[in-house]
Amino acid sequence: MVTKLTAARIATAAGCCLVICTSAKPEGIVEILAGARQGTRFLPLQRSLKGRKRWLLSVPLRGSICMDAGATHAIRDRHKSLFPVGVIRVVGEFSAQDAVSLCDESGQEFARGLCNFDSKEVSIMIGKHTSELAELLGYHTDGELIHRG
């Protein structure tokens, strides 16, 4: 069922309608196309996702980065990038450029992104300001964990 729901998320984000129905009645597909109310219907998003954002829905997630309310607001509402100061928890092991889930304080996913650092580095950076990162990591970085372009 998880695979079906993932497919539904990808399809609706691409602007498609999707119906999950029983395979025991193959003629049901024709009936659904004719307007019958069978199965579970997923309606397309009002504004379908394009390009990279649509692709990111289909990439396997390797971990999660949870953040405080301020960082959640900055990313979700103001479309800003994620920096370590707002991070409160890292879940799972991932490499740089892996897809990760971005979660609020309760652990609820609200976005996805490609992380510029691996999970070990992100764990070291939790809650730190950009000015502190060179000393912690041993090299200079702007500290942008997830770019929201």
Side-chain angles (χ1 to χ4, degrees), residues 1-22 29 32-33 35-149:
M1 186 57 140
V2 171
T3 304
K4 292 175 187 174
L5 294 176
T6 299
R9 178 188 289 193
I10 294 166
T12 58
C16 300
C17 180
L18 176 109
V19 177
I20 297 176
C21 60
T22 179
I29 294 172
I32 290 168
L33 290 173
R37 294 256 188 228
Q38 296 179 26
T40 303
R41 184 178 307 263
F42 295 85
L43 299 175
L45 294 177
Q46 293 290 328
R47 291 178 15 156
S48 62
L49 299 176
K50 305 284 187 235
R52 184 175 182 271
K53 290 182 180 181
R54 184 185 333 170
W55 167 79
L56 199 51
L57 288 176
S58 65
V59 176
L61 296 173
R62 301 293 184 209
S64 299
I65 299 175
C66 298
M67 59 207 72
D68 62 25
T72 299
H73 170 71
I75 291 169
R76 181 174 34 214
D77 304 326
R78 298 179 57 221
H79 308 286
K80 300 292 184 180
S81 295
L82 176 62
F83 289 88
V85 70
V87 175
I88 58 173
R89 184 171 59 254
V90 177
V91 179
E93 290 185 21
F94 50 86
S95 300
Q97 297 307 309
D98 277 346
V100 295
S101 175
L102 302 181
C103 303
D104 61 19
E105 290 175 302
S106 69
Q108 180 70 36
E109 179 185 316
F110 68 89
R112 293 178 177 197
L114 299 179
C115 191
N116 291 323
F117 298 88
D118 67 38
S119 56
K120 291 177 183 147
E121 290 172 312
V122 177
S123 294
I124 292 169
M125 294 189 273
I126 291 175
K128 302 297 185 205
H129 291 275
T130 305
S131 60
E132 302 173 90
L133 298 181
E135 188 175 327
L136 287 169
L137 298 173
Y139 60 90
H140 178 71
T141 176
D142 66 2
E144 184 181 55
L145 300 179
I146 308 282
H147 177 72
R148 294 287 301 227

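- A distance of 10.0 Å separates CD1 in Ile29 from OG1 in Thr22, rounded to the nearest 0.5 Å.
- Annotation: side chain of Val122 is not in contact with side chain of Val100 (no heavy-atom distance under 4.5 Å).
- For the atom pair NE2 of His140 and OG1 of Thr130, the computed distance is 9.0 Å after rounding to the nearest 0.5 Å.
- Under the 4.5 Å side-chain criterion, counting only non-hydrogen atoms from C-beta, Leu133 is not in contact with Phe83.
- One distance of note links CD1 of Ile20 with CZ of Phe42; it measures 4.0 Å at 0.5 Å rounding.
- Atom CD1 of Ile32 is surrounded by more than 12 heavy atoms from other residues, nucleotides or ligands within 6.0 Å.
- In this structure, Gly143 and Pro84 approach most closely via the heavy-atom pair O-CD, 3.1 Å.
- Between the side chain of Ser101 and the backbone N or O of Arg112, no donor-acceptor pair lies under 3.5 Å.
- Using a 4.5 Å heavy-atom threshold, the side chains of Met125 and Leu137 count as touching.
- Closest non-hydrogen pair, Ile146 versus Cys115, comes out as CD1-CA, 3.5 Å.
- Within a 6.0 Å sphere centred on CD of Gln38, heavy atoms belonging to other residues, nucleotides or ligands number more than 12.
- With rounding to the nearest 0.5 angstrom, the CD atom of Gln108 is 11.0 Å from the OG1 atom of Thr72.
- Counting heavy atoms from C-beta outward, Ile126 and Arg89 have side chains that stay 4.5 Å or more apart.
- Scanning both residues, Asn116 and Glu144, for their nearest heavy atoms gives ND2-O, 2.8 Å.
- In this structure the side chain of Lys128 never reaches within 4.5 angstrom of the side chain of Val85, judged on heavy atoms.
- Of the possible donor and acceptor atoms, none in the side chain of Glu135 sits under 3.5 Å from a partner among the backbone N and O of Glu132.
- Taking all atoms of both residues into account, the shortest heavy-atom contact from Val91 to Phe94 is O-CE2, 4.2 Å.
- In this structure, the separation between CG on Leu145 and NE2 on His147 is 13.0 Å, given to the nearest 0.5 Å.
- In this structure, CD on Glu109 lies 10.5 Å from CG on Asp104, to the nearest 0.5 angstrom.
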